[in-house]
Amino acid sequence: MAEISYRDAVTRGIAQEMARDPDVVFLGEDVAKPGGCFKATVGLYEQFGGVRVRDTPISEQAILGAAMGAAMTGLKPIAEIMFSDFIAVCFDYIANEFPKARYMSNGQTKCPLVVRTANGAGSRFGAQHSQSVENWCMMIPGLKVVAPSSPIDVVGLMAAAVRDPDPVIFFEHKSLYNSKGEVPDGEILDTLGTAKILRPGKDCTIVALALMVPRALEAAERLRIDHGIDCEVIDVRSLVPLDTKTILGSVAKTHRLFTVEENPRLCGWGAEIVSIVADEGFYDLDGPPVRITTPHIPLPAADIMEDVVLPTPQRIMETIRRGLGS
Amino acid sequence: MAEISYRDAVTRGIAQEMARDPDVVFLGEDVAKPGGCFKATVGLYEQFGGVRVRDTPISEQAILGAAMGAAMTGLKPIAEIMFSDFIAVCFDYIANEFPKARYMSNGQTKCPLVVRTANGAGSRFGAQHSQSVENWCMMIPGLKVVAPSSPIDVVGLMAAAVRDPDPVIFFEHKSLYNSKGEVPDGEILDTLGTAKILRPGKDCTIVALALMVPRALEAAERLRIDHGIDCEVIDVRSLVPLDTKTILGSVAKTHRLFTVEENPRLCGWGAEIVSIVADEGFYDLDGPPVRITTPHIPLPAADIMEDVVLPTPQRIMETIRRGLGS
Amino acid sequence: MSTAKDRAPGPAGSGLNDDIGEEKRLALYRSQVRLRDAEQRAFDLFLQNLVKGTSHLSLGQEAIAAGFAEAMVKGDLSFCTYRGHAHTLARGVPVEKVLGELMQKDNGLMRGKGGSMHLTSEEHGVMGSYAIIGAHLPIACGAAWRAQYRGDKDVSVCFFGDGTTNIGAFHEALNFAAVWKLPVVFVCENNLYMEYTPIKDVIPIPQPAADRASAYGLERILIDGNDADIVYRTAQKAFARARAGEGPSLIECLTYRHSGHSRADPAKYRPEGELEEWKKHDPVKLYRERLKQFGVTDEVIAEIDASVRKEVDDATEACKAAPSPPLDIITTDVYADGGWAWRN
Amino acid sequence: MSTAKDRAPGPAGSGLNDDIGEEKRLALYRSQVRLRDAEQRAFDLFLQNLVKGTSHLSLGQEAIAAGFAEAMVKGDLSFCTYRGHAHTLARGVPVEKVLGELMQKDNGLMRGKGGSMHLTSEEHGVMGSYAIIGAHLPIACGAAWRAQYRGDKDVSVCFFGDGTTNIGAFHEALNFAAVWKLPVVFVCENNLYMEYTPIKDVIPIPQPAADRASAYGLERILIDGNDADIVYRTAQKAFARARAGEGPSLIECLTYRHSGHSRADPAKYRPEGELEEWKKHDPVKLYRERLKQFGVTDEVIAEIDASVRKEVDDATEACKAAPSPPLDIITTDVYADGGWAWRN
Ligand SMILES: Cc1ncc(C[n+]2csc(CCOP(=O)(O)OP(=O)(O)O)c2C)c(N)n1
Ligand SMILES: Cc1ncc(C[n+]2csc(CCOP(=O)(O)OP(=O)(O)O)c2C)c(N)n1
Ligand SMILES: [Mg+2]
Ligand SMILES: [Mg+2]
């Protein structure tokens with residue numbers, strides 16, 4: 001057991017899988033010799049060599065296309081898209097190629113690959129380098145979508161993603177790279193499609209993802225201390241497959257739902273979860289299910305502005321307090 | 001007043017605006033001399049000449065980028081993306097450039113353009129040429145998103161889109177091109193952001209878009225005849241801006257909501273509308289708000305399969321009947 | 001363009017003992033006739049309303065599909081476009097499987113789930129047909145990367161049209177393949193048109209692919225795509241280079257499609273006489289003459305023609321008799337577990 | 001590379017009456033010093049933790065920004081990248097406005113909403129700085145299309161790096177501009193590196209832009225990007241061609257960045273001695289020598305240096321004193337109505 005950073009957990013997860021399976025290869029821009037723009041892959045090139053860990057040209061379509069062709073023919077590629085915003089320049093692979101090949105071929109074509117990418121705000125990079133775009137992937141049938149919030153989940157879900165026979169989009173949160181957590185020694189393998197109840201509670205359910213998880217936990221703690229409100233906090237972890245059982249089960253117990261997401265307002269995963277609960281858990285709900293999101297605007301660059309647009313523990317707390325009428 | 005097809009309404013809307021404003025230019029693949037792959041722009045080249053109506057290489061990024069640069073510097077371009085699925089190859093302009101330029105420049109940069117594209121299923125084209133992808137655009141802050149269901153709305157909303165100072169993504173439905181409707185003579189100008197109640201009713205609200213509108217109307221008619229259920233049918237027409245007033249007002253009256261969308265299950269506009277109503281109209285709802293969607297799968301090509309995966313009048317009817325417990 | 005040496009390696013009538021040889025020449029002929037007849041049949045079936053959805057024929061372009069496929073060996077991989085029937089058939093996929101898919105029958109290659117634009121038969125090395133222009137060029141790179149990584153000796157061959165040379169993915173793939181020296185062969189079938197617009201209207205150079213090879217450090221290769229011998233020899237050279245670890249090739253094949261872009265297109269935009277001119281250079285006709293020059297008898301040719309005709313007829317009947325696919329496959333094979341569950 | 005003729009149009013010491021002339025030479029010098037000092041200041045302020053977010057300096061690349069900007073006239077348009085401070089300043093945008101944006105102050109060009117990667121000043125012809133590699137090349141085409149359509153005489157100039165030549169949008173834009181003969185000039189600043197990886201590792205040809213010009217029917221242009229005179233003359237020629245309706249140019253400028261890719265990068269990946277070698281060919285130093293060769297006195301040079309220094313100092317103080325932006329602008333200018341309402 002050791003405390004490692006979320007950043008180092010990325011390296012560890014990849015290294016674990018590359019050591020296990022010679023078919024795992026890794027490519028991306030500046031990922032090999034330089035160790036990645038976020039230094040999340042330092043040492044992989046040295047450990048596994050330049051044949052398995054490769055720097056590419058600035059050609060996101062070639063990166064994802066090559067990953068797909070390799071996956072179709074027997075390798076298990078991990079491809080890095082440096083910032084998740086850049087998924088927009090190679091979106092055809094995400095939306096039209098990876099997720100449809102198996103279906104269109106009536107099961108002939110396989111596509112076991114992982115796209116890992118740095119998602120989310122907090123670095124004052126402005127509107128084109130700060131987005132949370134996991135909903136761009138969640139909405140596409142045929143993909144799996146993961147976004148861990150802690151170092152241990154990074155390792156375990158990375159392993160699960162690499163071993164998964166389907167295309168998995170793996171969102172790492174830029175503002176979590178420096179965060180730390182205990183990670184046991186030895187191999188770690190988690191399960192896609194499983195949410196985690198990080199904090200049990202009875203007054204309401206908070207569903208959060210990635211950077212919003214520590215914020216939701218902080219809000220929950222303050223709600224307990226300041227208002228005696230007992231929140232259940234769920235880290236949804238995997239958007240596809242989605243652990244609706246855990247979410248619906250929680251709402252059946254707490255009768256209230258709040259989702260906390262970094263996505264802009266419209267059509268985020270919060271809307272999906274709220275819609276599922278509003279339909280299937282309608283009679284469990286004692287009050288409106290509420291989404292806490294970033295407003296529907298491009299992200300501003302300046303620190304003081306960026307800090308107020310993302311859901312903060314304060315805003316989460318106040319929204320829940322108001323929502324529960326306390 | 002004349003009956004014209006949805007296809008001809010596209011030409012008419014564009015022609016009306018090109019005749020009015022010399023700054024309106026039109027570009028796309030095979031749109032000029034050939035009159036478009038769906039023959040929706042036949043005659044524009046002859047009427048307005050090759051300087052204003054231009055065929056391009058197969059370069060969707062160049063098409064949208066050029067439209068943006070022209071819009072920034074004073075023209076009002078209309079760009080065609082032949083099938084909406086191809087938005088995936090130029091998604092950077094949709095997601096990162098058009099919608100963010102004004103904001104990032106603190107209001108300096110303008111981007112008044114229209115992207116029109118053929119959306120939706122029904123032609124047995126398979127998974128890469130049949131998608132309904134209006135949610136790919138709705139989720140991006142800074143865009144406006146329109147999807148008309150009738151010839152008159154095509155003309156009026158096209159005019160509104162061209163005159164709008166913001167980037168508008170205009171979804172035409174492939175399976176509606178042959179449909180017909182009365183369109184008055186003379187200039188037609190509609191208003192973005194306005195839904196239309198096509199059929200008033202008191203028992204439930206059905207919100208539909210594009211091809212789902214005639215299907216919702218048909219379902220409503222059968223529900224009246226067979227079950228005495230009186231549905232209010234709303235054609236949402238414009239996803240951004242979204243006419244939440246009309247939707248919430250209707251639900252306040254009918255107390256039940258059904259959305260009918262062609263999108264696959266996850267994160268479609270139905271989820272957004274259900275979430276808004278579940279939150280803001282929670283106490284108006286007498287039962288679960290229900291989304292009727294295409295299942296979360298790539299679209300199959302074969303006619304018999306494609307026909308059953310899209311919401312049909314039958315499925316809409318049965319879902320509502322079951323939902324209302326009749 | 002190809003040189004005289006490429007065009008006619010042995011004097012007419014000198015027998016079949018040139019570099020290509022009798023067996024391969026007969027195979028090249030049979031393949032081209034098969035593609036011609038199967039595609040012509042697809043067109044007829046479309047007129048009878050039995051082919052649904054869209055379809056993109058390669059009538060007139062058969063020498064390219066046949067020439068490359070005959071130069072490939074088992075294990076080599078084909079990456080095709082929506083205009084992929086010919087390439088699929090040329091790798092040995094039964095006509096019935098292809099027509100079945102076009103007719104959306106249960107005996108189709110993908111049982112109707114993919115449709116005419118997405119023909120895939122991995123057992124024959126047909127690694128999919130892609131309907132988003134350019135998407136498969138990077139994918140072919142990836143398959144070639146796997147071969148390089150594992151030391152496999154197969155070549156990935158990627159077919160696309162002239163219009164495809166203007167999309168971003170073309171450029172990214174060519175550069176990527178060249179830098180990584182991947183065993184991939186890019187084959188541009190220049191049939192002079194995109195959908196309805198001539199390629200010459202949208203490029204600033206005469207040849208869309210060949211005139212760009214140097215941008216990727218590659219040799220300029222422009223051949224007569226209607227002469228199966230030239231295609232075959234060019235393919236062999238490129239494959240040898242790829243297998244030797246010398247990297248990719250970009251081959252531009254000049255050709256012409258006899259029919260419209262897709263079933264919806266009467267091809268009115270072509271200048272008068274153009275089609276007729278090209279029909280004089282019809283690959284099937286040309287190759288039939290070639291066989292005769294090499295001394296193949298009319299009887300042998302007629303036998304091939306007849307047996308192909310029978311294959312296509314039988315396939316047609318089988319497809320007409322085949323059932324529609326069952327609806328329960330609609331939700332299979334979204335994910336690798338065979339199902340479509342996105343939730344628990 | 002540039003010819004001797006380009007490099008030194010008049011014998012040293014022959015006075016300023018060559019094709020460039022005294023006034024323009026002094027302007028070129030002032031501009032380069034201004035970019036150098038302002039960017040050096042940005043770096044210092046970053047070390048003091050006063051520049052937030054990221055920042056990408058052009059130290060060492062000043063001759064390109066200065067040379068092109070001095071060849072532009074009012075109305076000409078610049079399209080820049082995240083490494084756009086220099087190009088923005090070179091068009092006459094006050095140092096204070098640029099530093100203010102980097103320091104996220106209310107006096108910044110975009111009041112902190114855009115940040116260092118998105119500098120925009122339309123009144124100076126700076127039509128935005130784009131942070132997605134390659135995105136602005138097609139956009140510049142569009143601005144040039146407007147000029148062509150309206151008969152406007154302005155030129156759109158689009159700056160980007162060596163690494164950008166490998167992305168799809170580069171290819172689409174170059175082809176599009178060439179076919180439509182648009183008045184756009186594409187300027188590749190080849191500083192030998194992408195973020196941390198050398199460009200030579202990811203291209204199969206020696207020069208990422210120049211060796212691709214022929215793929216678009218364009219002339220191969222490769223110049224010393226550290227010599228402002230050469231840059232200026234090359235720009236003039238390309239602009240004249242554009243204004244005459246003869247179409248686009250693609251110009252590759254060889255240069256070197258003295259600092260890391262961005263503020264986070266200590267640039268350890270560079271071979272020893274490389275920076276030192278390039279510093280001998282420092283554009284500011286080179287140009288100071290050039291002025292002296294042409295007989296400009298030390299006093300005149302010192303005066304320019306001092307006045308620029310004062311401008312940068314004053315700007316720094318103004319930025320330090322400036323307030324942070326008010327939070328109520330967070331939701332302004334999402335839409336043209338000034339607001340952000342997506343619903344009624
Ligand atoms: C990204 C994208 N843009 C446009 C299309 C529509 N489209 C299908 S085929 C075609 C023409 C392709 O021309 P070419 O590459 O010459 O191939 P050919 O059809 O002549 O074989 C076009 C524009 C598409 N499928 N994908
Ligand atoms: C589509 C995309 N991919 C990757 C990046 C990350 N990125 C930013 S700058 C850069 C290197 C660019 O190199 P070059 O074009 O040579 O320009 P330079 O920074 O040297 O001026 C990269 C890879 C990006 N911004 N956009
Ligand atoms: Mg073609
Ligand atoms: Mg560079």
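In what follows, chains are A, B, ... by sequence order, proteins preceding strands, each numbered from 1.
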Which bit of D/Phe170 comes within less than 4.5 Å of chain C, counting heavy atoms only: side chain, backbone, both or neither?
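For D/Phe170, the side chain is the part near chain C, not the backbone.
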Which atoms form the tightest heavy-atom contact between C/Asp201 and D/Val179, and what is the distance?
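Looks like O-CG1, 3.3 Å.
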Test item: D/Asn175 side-chain N/O and C/Val202 main-chain N/O as donor-acceptor pair under 3.5 Å:
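Present.
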Measure distances from C/Asn166 to the heavy atoms of chain D and classify the residue's part below 4.5 Å as side chain, backbone, both or neither.
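Both backbone and side chain.
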Checking C/Ile205 against chain D: side chain, backbone, both or neither under 4.5 Å from a heavy atom?
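Interface part for C/Ile205: side chain.
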